[in-house]
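Read the structure below first, then the notes.
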Amino acid sequence: MKYESVIGLEVHVQVRTESKMFCSCGNIYGAPPNTLVCPVCMGLPGVMPVPNKTAIQKTIAAGLLIECEISKFSKFDRKSYFYPDMPKNYQISQYDLPFCRGGKIHVGGRGFSGAPLPNKIIGVTRIHLEEDVAKSTHMGRYSGIDFNRAGAPLMEIVSEPDMRFPDEAYAYIEALKEIMQYARISDCDMEKGQMRCDVNVSVRPEGQKELGVKIEIKNLNSLRSIHRAIEHEIERQKNVLDEGGRLEQETRGWNDDAGETFLLRKKESAHDYRYFPEPDLLPFIADDLIIDEIRRSLPELPAKKRERFVANYGISEYDAQVLTSDKNLADYFDGAASKSSNPKSVANWIISEVLKEINLRGMAIKDCPVTGEHLVELVDAVHSGSITGNSGKEVLSEIFLSGKKPSEIIREKGLIQISNESEISPFVDEVIASFPSQAGEYKAGKAQALQFLIGQVMKKSKGKANPKIAAKLLAGKISFKS
Ligand code: ADP
Ligand code: ZN
Ligand code: MG
């Protein structure tokens with residue numbers, strides 16, 4: 001039988017704030033275990049939570065960025081659950097009145113394997129805000145628990161069951177990550193647990209309207225394992241059905257080494273969380289003033305930026321993609337391109353040279369010693385022909401070393417391009433004399449030979465000859481040669 005697979009995702013995203021959700025402990029990754037704790041986040045009796053304004057503002061910002069409706073009235077609820085990672089034995093979360101509802105995420109671009117994906121809109125059911133739980137580590141017979149993370153602000157972003165392929169789920173997470181990082185809502189570093197994903201998968205016979213039995217896979221902590229787990233789970237479910245078996249709603253885990261999912265618990269053991277309104281916190285009323293203020297603070301999203309870069313700077317979609325992959329990089333390009341008369345060349349220089357140099361040095365773009373002004377000056381010098389492209393590269397490397405201005409480096413290194421024919425002519429004569437067979441080939445009609453000869457002129461002139469003039473002189477002299 002032919003099946004269609006259906007995927008829905010519940011993504012947890014830690015909100016980037018200075019302090020935790022309901023207390024003043026630092027929200028910092030990597031501190032020594034159990035050093036960022038207080039009576040509130042340890043759940044000691046008699047304490048009162050105080051909500052973190054920034055966390056709420058950022059949650060609403062996230063909602064606005066993905067076109068959600070922001071609730072005018074929302075509240076926190078207690079979700080009862082008993083487990084070592086939750087010292088109060090309940091988690092403050094949101095149940096029926098979350099901050100945001102009904103959003104959209106545009107996916108497209110490429111899938112995990114690099115294959116192109118058609119554009120599609122994935123629905124977002126809701127975003128609610130809750131407190132994170134502690135982090136447990138299991139070592140043989142012992143378990144350790146670190147409460148530094150307990151009480152950190154955590155958004156849960158629930159998607160509609162709108163995805164049909166593992167690649168779409170991958171693209172959805174990537175798109176979400178891009179938005180959160182751009183808006184500085186979260187760093188979404190999966191390795192640090194700042195973005196965690198539960199995956200829901202079902203299959204149904206092709207053409208059937210009703211959804212199949214949902215199976216949830218928990219604790220997936222990398223894009224690769226998410227993609228693999230979904231792929232594997234779809235196959236497993238199809239096989240069960242093909243062999244006449246029945247699927248039951250259950251929660252499964254993922255074994256990355258074996259490359260397969262395994263049963264954690266059946267639906268029967270599902271929790272009864274006994275939600276009720278959190279009595280220690282007031283409901284939250286978001287009036288238009290608050291929402292508008294947050295709306296005004298939103299950054300331009302990468303998709304919009306790409307459109308603008310293509311339209312205003314005349315660069316390709318692909319280059320725009322590269323340049324908006326990181327907000328700092330996009331700002332860097334935008335700053336230089338807006339001041340340059342050759343924005344397209346600015347893009348080329350950044351992509352092929354600046355990125356190469358910073359990668360080589362393991363440097364972040366925000367630490368790049370080549371400023372936007374440097375770049376504008378450099379690109380102008382190459383464009384106007386005052387230096388060659390090769391000299392331009394030399395200038396760039398030199399800025400990395402000395403931080404000097406391009407004009408200064410050009411002067412000091414004597415890199416001004418020679419465009420004067422009478423100065424290039426002697427090099428051309430020498431090259432024709434030294435490489436008679438290549439000159440002959442060119443004369444006989446082999447156009448490629450000219451490139452070789454131009455290269456030799458560049459070499460002799462230490463890269464300073466204007467290659468266009470060298471070509472013209474070579475062509476002229478060789479055709480007049482008997
Ligand atoms: P639960 O009450 O078990 O948490 P929800 O209806 O809240 O289930 O859905 C949780 C997630 O599972 C959502 O992301 C949703 O899109 C997804 N989901 C729901 N039903 C299915 C299904 N049949 N197949 C795949 N995903 C589903
Ligand atoms: Zn605390
Ligand atoms: Mg649910």
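This one's a predicted model, so the numbers in the text were calculated from it and none came from an experiment. All ligand and atom numbering here is 1-based and tracks the order in the structure.
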N or O pair under 3.5 Å between [X] and ligand 1:
| X | answer |
| --- | --- |
| V213 | no |
| I7 | no |
| N200 | yes |

If we only count heavy atoms from C-beta on, is the [X] to [Y] side-chain gap below 4.5 Å?
| X | Y | value |
| --- | --- | --- |
| Y3 | I234 | no |
| L65 | I185 | yes |
| K135 | N148 | no |
| I70 | I290 | no |

Could you list which atoms of ligand 1 come closer than 4.0 Å to a heavy atom of [X]?
| X | answer |
| --- | --- |
| G212 | 23 (N) |
| E160 | 16 (O) |
| L9 | 14 (O) |
| V158 | 13 (C), 14 (O) |
| P161 | 16 (O), 26 (N), 27 (C) |

If you measure from atom 4 (O) of ligand 1 to every heavy atom of K214, E216, Q249, which option wins on shortest distance? K214
Pick, from G8, S5, S159, the option with the minimum heavy-atom distance to atom 13 (C) of ligand 1. S159
Is it the case that the ring center of F76 lies less than 6.0 angstrom away from the ring center of F99? yes
Is the distance between the ring centroids of Y313 and F333 under 6.0 Å? yes
Using the salt bridge (charged side-chain N to carboxylate O under 4.0 Å, His left out) criterion, which residues pair with E160? Sequence neighbours excluded. none
Y170 and F112 aromatic ring geometry - parallel, tilted or perpendicular at 30°/60° bounds: perpendicular
Carefully, step by step, assess E357 and S397 under the rule side chain to side chain donor-acceptor pair (under 3.5 Å). CA-CA 8 Å; E357 294 272 354; S397 304; 3.0 Å; yes
For the Zn ion (ligand 2), protein N, O or S atoms at a distance below 2.8 Å amount to 4
If you take all heavy atoms of Q91 and E131, which pair is closest and at what distance? NE2-O, 2.7 Å
Do side-chain atoms of R204 reach the backbone of K209 as a donor and acceptor pair under 3.5 angstrom? yes
